[in-house]
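Written below as structure tokens is the structure these notes are about.
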Amino acid sequence: MAEVINDTSITKIKVQKSLSPWAVARRKFLRNKLAMVSLFFLMTVSILSFLAPYITTADITRVNIGSMSLTPSSEHWFGTDKSGRDVFTRLLYGGRVSLLVGISCTLLIITFGTLIGALAGFFGGIVDALLMRFTDFILNFPLLVFVIVLNAVFFGKLGGVPVLIAVISVLGWGGVARLVRSKILSEKENEYILAAISIGSRPAKVIMKHLLPNVLSTIIVQATLTFAAMIVVESGLSYLGFGVPAETPSWGNMLAASREPDVLQNMPWIWIPPALTLVITILSINFIGEGIKDALNPKSLR
Amino acid sequence: MNNFTDLQSQPPLLEVNNLETAFEIDGEWHNAVDNVSFQVKPKQVIGVVGESGCGKSVMSLSIMKLLPKGIGKIRNGDIKFNGINLEKLNDKEMNKVRGKDIAMIFQEPMTSLNPVFTIGFQLSESLHNHFNISKKDARKKVIHLLDKVGISRPEKVVDEYPHQLSGGMRQRVMIAMAIACEPKLLIADEPTTALDVTVQAQILELLQELQTTNDMSIILITHDLGVVAESCHEVIVMYAGEVVEQTDVVTLFESPKHPYTQLLMQSIPRMDQEEEVLASIEGIVPSLKNMPRQGCKFVDRCPKAMDECRSITPQLRESSPGHGVKCLLYETSWEQEGMKAK
Amino acid sequence: MLKYTLRRILGMIPMLLLISIVVFSLALSMPGDPFGGEIDPNNTDPQYIEEMREKAGLNDPVHVQYGRWISNFMQGDFGESTRYKMPVAELIGERMPNTLFLGITSLVITYILAFVMGMYAGRKPYTTADNLIGGVNYLGLAVPSYIAGVFAIYFFSFKLGWFPFSGSVDITLQNGSFEYYLSRLHHVFLPAIVLGALGTASYTQFLRNDIIESSRKDYVRTARAKGTPETKIYNKHILRNSIIPLITFLGFDIVTLISGAIITEAIFTYPGIGQLFLDSINNRDYPVMMTLTMMFSFLVLFGNMIADLLYGIVDPRIRVD
Amino acid sequence: MSNVVDIQHKEQSPPLPTNHETLLEVKDLKTYYPVKGGFFRRTVGHVKAVDGVSFTLKKGETLGLVGESGCGKSTAGRTILKLLKPTGGSIVFNGEDITKIRGGRLRERRKDFQMVFQDPYASLNPMQMVGDIVSEPIKNYYPRKKAKEIKQEVMELLNRVGLPDDAYYKYAHEFSGGQRQRIGIARALALKPKLIIADEPVSALDVSVQSQVLNLLNELQDDFNLTYLFIAHDLSVVKHMSDKIGIMYLGHIVEIADKKSIYEEPLHPYTQALISAVPEPNPKKKKERIVLEGDVPSPENPPSGCPFHTRCPVAVDKCSTIKPELKEVKPGRQVACILVD
Amino acid sequence: ACSNGEDEAGAAEDDKKETEGNEGGEKAAQEGGTIVYALDAAPEGLFHWNWYGIQTDAEVLGLFDDNLITFDEELKPQPNIASWETEDNKVFTFKFQEGVKWHNGDELTVHDWVFSLETLAHPDYEGPRYTNVQTVEGAEAFRNGEADSISGLEVINDYEIKITFDKARVNNLLNLWTYPMNRKAFEGIEVADMEGSDPVRRTPIGTGPFKVNKVVSGESVELVANEDYWQGKPKLDKIIIKVVDSTAVTGALQNGDIDVVSVHPTIGKDVEAMENVDLVTAPGLSYYYVGFKLGKFDNEKKEVVEQKEKYADKKLRQAMMHSINREEWIEAFFGGYGDVVNRPVPTAHWIAADNDDLNTYPYDPEKAKEILDEAGYVDTNDDGFREDPNGDEFVVNFSHYATGNPTFESRAKALTQYWEEVGLKSTLEMIEVNQYYDMVEKDNENMEAFFGGWGYGADPDPSGLWKSDQLWNYPRWVNEESDQLLEDALDVEIVGTDEAKRKELYVKWQQIVNEELPMLFITELQEIYGMNKRVGGLTLDVSGFNSAHEWFVTE
Ligand SMILES: Nc1ncnc2c1ncn2[C@@H]1O[C@H](COP(=O)(O)OP(=O)(O)OP(=O)(O)O)[C@@H](O)[C@H]1O
Ligand SMILES: Nc1ncnc2c1ncn2[C@@H]1O[C@H](COP(=O)(O)OP(=O)(O)OP(=O)(O)O)[C@@H](O)[C@H]1O
Ligand SMILES: [Mg+2]
Ligand SMILES: [Mg+2]
Ligand code: NI
């Protein structure tokens, strides 16, 4: 056990501080090899992607007629695509967009879902009824279908990634809200909430200090799942041509190249890298999620 | 409770010798039941008491060979039922014994019944497992059994699901299931702990009645000394996986010998007397991992502990006929042995 | 039960109306209309297009258009496809069987695979086979269906030639003959597997975990104490409990399958609802698009209801009368 | 109003000798839980968890409340502390009617009455350090108090309930059930309340640990001059702890009296059955057990008339129609049974 | 298409010859057999000429229903089932071949044609083809319900009909609808219901070499040989028409799962490299261009009401044309299966002007720069890009439509790069295709320079796209001389029936357009088909495939 020595002036005695449940979870997580490897991979991909402009100087939009569809070489690690653009560079930039969309959607969805779910769950009654009706309403729109329809509506008018993120997020938070609500409801049943009220804590404090920390683990796990799902949604939409605008590189857009038969069969270097990166990224996120779930599992806390 | 003295002379129905059951925790095996021996005579009700976690359930599961696969195993000792060595039997043969010769009921009537099958199904399954009986006959028998355990409207209850019954009724169903094949031995693992006193009284009453009518032996596991006093002939007191005291019920309550037993009896508030301060046992039962390897396991909590208690492991000895105690206080020979050891 | 069902159905109506308003306003705010697009001057002229716009009522005020649409909709008249020039209902009716067939096959495959793998892994957890199944599952969860589809075509159709890569049936076969159905099955197999991959993976995982959990339940111990043989315990006592949530997933599956079909059908050129939907979006075929969007939303509602009802039917604990 | 309370607080600091002043008076308390049903989640019925409970509690006294599971003991306790909204009746605490007060005023009152909960696992926030758990009430009411002082105070409290110093920095999951219950007690004591409602504080504990907690509670009562409402389903425990005992059945108090009379001369048939059902650790003593038939009816649709008549061995026809009132049959003894006079 | 790489150029040449001049003698024909004809988009299933809407449906129709007339390699009409005579371009006499049978056994007569034309002119007919009978005398009256029949249709006998148009026009014949309709099949079906009726959708019949045996909606069609085909019994037993996703095209071709398929230029090279597949090409009829918005059109008034200044300078447009390396661009994005074009008329068309008579705008960035300098587009603030003559910033805002196709973006981007190379700052906006044409048509402010494509039919008249009073004159180009020439070319008084005279006017017109460049002509694409080597007897020219009864498969 890592010992934290506390010698503040108040006590003047050396006290062995216990690990908080979060610290315990962190330690357990750090010991999970699969999760750590996944985390390492994800970090690498993210860092490379977000530093893409500093790593390569190539203009990703420039079409190079002279160097189209080149096989991988020392100059172009993953070859070039049919527009003569370096696949590796595009992979990095694509990761930027795909991860950005994934993260933004996840953040929005989780924030909004948690907010709605927490309010509904904590206050109950009419607030709950109204919010949940609204959530049900949103949940009735099948995500893929409506993102496609909405994209057809908005694209060109506002254009691009922000709209996509907004559309996905607006349609996506319902599940999280429901989950958080039910979790809050069950957590609310615990006597420590009653105890907090009985010792005179205000509702805001009860939510912030007692309820949220205890549902946070659920939310975090849900966030990882959402993150993976959102990356899939983005790439799937882009693959179908309803996602990120074609001129912006994203993993889905890069993969869409495989819809051309010659690329699919004869130029695997154009689509295999994004496909593999995508699959491994999602795998990693899933493993990280599993890891977090295990680490936060209260059964193993004791 | 019938004639108690008769029992002594008969050959035992169940004989447990040096039973050791261990669990794997973090790659190491720890004994949850340690060197337990006892006998159950026909028609005898034997009570097992002890704090939570002292190995009562593990012991009974060992007898039934129902330990969780992989993480729990019998390390040592033998269990003889009617002369048959149970731990030599394979799964199939054991299945023939379970439910038929030895039956068991559990603490949690709420979760011990499968929620998706009707009461009738679950009861008759027991019959089908052991007898070649037609569905119709089984149903008749089931209704009869339900009636026997005091459930009103048994014809209706057979077709109901567990969630439609109250806790007391479920425990009755469990009992009906256990006695369906008229076993010779019934192991009841805290059958009333989850129930209210009034219902507990009903269940205990029922068990006693069945014991006499069916000529069963019962191993009654409980942590309630009151229940033991009312229902048992013979008592085993367990602590940390070991039997620390064993004798007939009257002796035990009149002259408990082991400090643990004594404290236990003084720590419960009683209806019939007024006590200002209750005795209490300081500390808690050590967990399996932190169990002392040597010496008396109760030593850290024992008000009468001596230095020797830490180094010398006491044995279960008869301090008086039929009264076994596992404590150095009652061992006369320890001093010499201790000398020898040094 | 009947009363409950009826109440549930009635409760769906206001929701559907709200959805219809959303769907309609979406269609309205879409850029372009079905009469725009690439125009072939040899076939059409601007006047004709204007005439058609007028005729289709695209020049009427919004609320009039909505009123007309919704009242027709309620009467089962979904309008006429501007692309296929036939009633939408008929068009959907033509494609529906394909998607249904795909969906049902996918479900059957999903459930069979999930059962076999999940049961096995759950019974023998932490063995090599279990880890293998687990690995396959993780892949199933991580590989998006369009990647899986592309790979599947690449290997199983082109490289190995085991399965056809497009269509729903070999046209040369006599309708209704045995070979005909065999051919349909042959055609649907690959897309069905791809469509069901995600479900298979998550159900297997679910079943495995549930079985492991159930096998530690008190009632399993009770069954053992009765002398019930191990196989019967797994196949009856545990399975029955694990199946309950799985069956209720069926309701939600309807939705997953339909929206999953959009991608899968596109990749396998399988003429079903999903393909029709993409087509209608790409061609601004409003009547089809709106009807399908409504249908999908309805299916979500319906699926949730089915899930609820099924839950009530299969789980005796919450059986409603 | 709040001034008065502050003054009282100061005055109260030195332990006052127990006098027979009434601290709590509960009259005809009712708490119903709505039962939701149908698609629109309307209220379709009520669980009458507490249906007319009245008693008075004097300063320094302990009232034990016993009854079978589900008879409304916890509900009653929580309602009295205003953790639940009473459906009817009144609660007068320390001369003030607190039935209707809400918000800030209620919060201000809360420091005078505290609760010890049944489940030592669920009643402590797993994400908080023990120090934080125990200091939270102090921080809530004395936000200006110095951290150092608070810590000092909490350390003392922890010591008082028998926990080691280093417990301050530990988390609840590192303690055994009995120790957790001590933490819960320390939290309840932190504000130096007048009344503590202990809701089955030992029912989740082992016998050996149970006695530790019971002894502790008894010691604290003397030290802090506490008044207890002690809830339990174990008659012998209640008898050990209480001066007066109320027997609850299906949301009603059927009998209330000092513990001696209850044990020696139970008047209500239910009390009689209850007492006879308690197994005694004395194998030689043969008791005549009154075994009741059936189970407690559901509080959602309680039987008409006397709630106990469905299981009562001596019930007469009238019992199913006439709802008996709790009335004084002897000085200090109240019984709700038409057969008792 | 060849087994060893060394000889690739030669072999490719051979292929071309073979496919162009192939008469089937070289390959050993097999009796019967089946070929699979793939479509890369689902047909809509409107299998009748009078209602079909998209090319895929037409491809199917072409296999089982014959046109009364056909077109030669220059797109001039040729007699097929019907031959015609006219003196004045107003009254035509058509003579039908006798003994032509419908698939249902009926004989084809002129009544079927009359039936077809009356259907088109019927007030309930909602399809787009009324314009093709509108010019027949009495069609208006018939459509308005004032007459029971079209007075211009005069049946002489079963095989002869006289058709009178409302006035003499040069293109009356080309405009006329020449697809008959089987009367029996449509018996009892109201005109309004015909579109969704079985003879259109499920059991279509025609007079062609193959009969529709079965239709699986949206996926495949089975055609079987028409033993009684008027040009002789087809050699094949069956043609299976099957929809194949474009992703699967090469794989399927390679595996021999499909025999004939139209391939996208980008995969032409791959198909060419397959050992078992021949690539068949023919000049196409469509061309791509970069248009400029030169004004604003008022659709009510039918005139261009406002001039836009940005691209008004012809020199600017010419410089932009010079700066594009069209050969390279076509090679890069169309696999070379296209040709540079300098006029709005496909080369194969008989009215096409010879390149010698036109400016060819070769790729010449230096020249482009020179012209720009001359026109005053110089870099005054040294940012590397040219400012306009007023010294204000000048940016070519280029728009291109977006579908899901990723190559669109890069090919458009490549164009902007060419302009940037000569110092014209450029931006690119990809706009969703449906919205795109809406914006183009409505002269949306954001549309300045835009990419587009037009298809060309048999009728050489380009008025619909180029006259200043036409909505589809997207550049909003107003040129009186051009308008006049287009009118003259249709004027019987001026050209009569003299094709040479007509062509002369069109050439003149093309020269004007070529000089003025209201749009930059980029390329005309070839039609390319992949064809399994076992298929023979199939030829392709600008007017499409030869009659399918000549197709066969080898052993
Ligand atoms: N499946 C298991 N894995 C690991 N340890 C176990 C397992 N089951 C029981 N134990 C351990 O064995 C010891 C004895 O447990 P057992 O359940 O027999 O106690 P008990 O006397 O029945 O207690 P209770 O009164 O709570 O039922 C305990 O320390 C417990 O932690
Ligand atoms: N939140 C709630 N909603 C609806 N009914 C409730 C709720 N809480 C308790 N009840 C019901 O109210 C009745 C009384 O419950 P309560 O918890 O007060 O009983 P109790 O006497 O404390 O029982 P126990 O001994 O089990 O703690 C029970 O029937 C219970 O089912
Ligand atoms: Mg136990
Ligand atoms: Mg309670
Ligand atoms: Ni006392």
How would you list, in number order, the residues of residues 207-222 of chain A that have a heavy atom less than 4.5 Å from chain D? A/K209, A/H210, A/P213, A/N214
Do any N or O atoms from the side chain of A/E191 and from the backbone of D/D119 form a donor-acceptor pair under 3.5 angstrom? yes
Minimum heavy-atom separation for D/P126 and A/Y192, please, with both atom names. CD-CE2, 3.9 Å
Spatial distance of atom OG (A/S201) from atom CG (D/N140) [nearest 0.5 Å]: 3.5 Å
Quick one: pull up CD1 in A/I193 and OG in D/S123 and give me the separation to the nearest 0.5 Å. 11.5 Å
More than 12 heavy atoms of other groups within 6.0 Å of A/R202 CZ: no
Answer yes or no: does atom NZ of D/K100 have more than 12 heavy-atom neighbours from other residues, nucleotides or ligands under 6.0 Å? no
Winner by heavy-atom pair count (cut-off under 4.5 Å) against chain A, out of D/N125, D/V116, D/L83, D/I133: D/N125
Sort out for me which of D/R78, D/M115, D/R110 touches chain A most, counting heavy-atom pairs under 4.5 Å. D/R110
Indicate yes or no: at least one non-hydrogen side-chain atom of A/I199 is less than 4.5 angstrom from one of D/K111. no
Side chains of D/M127 and A/W22, heavy atoms from C-beta outward: is any pair under 4.5 Å? yes
Can you say whether D/L124 sits under 4.5 Å from chain A via the side chain, the backbone, both, or neither, judging by heavy atoms? backbone
When the 4.5 angstrom heavy-atom criterion is applied to D/F117 and chain A, the contacting part is both
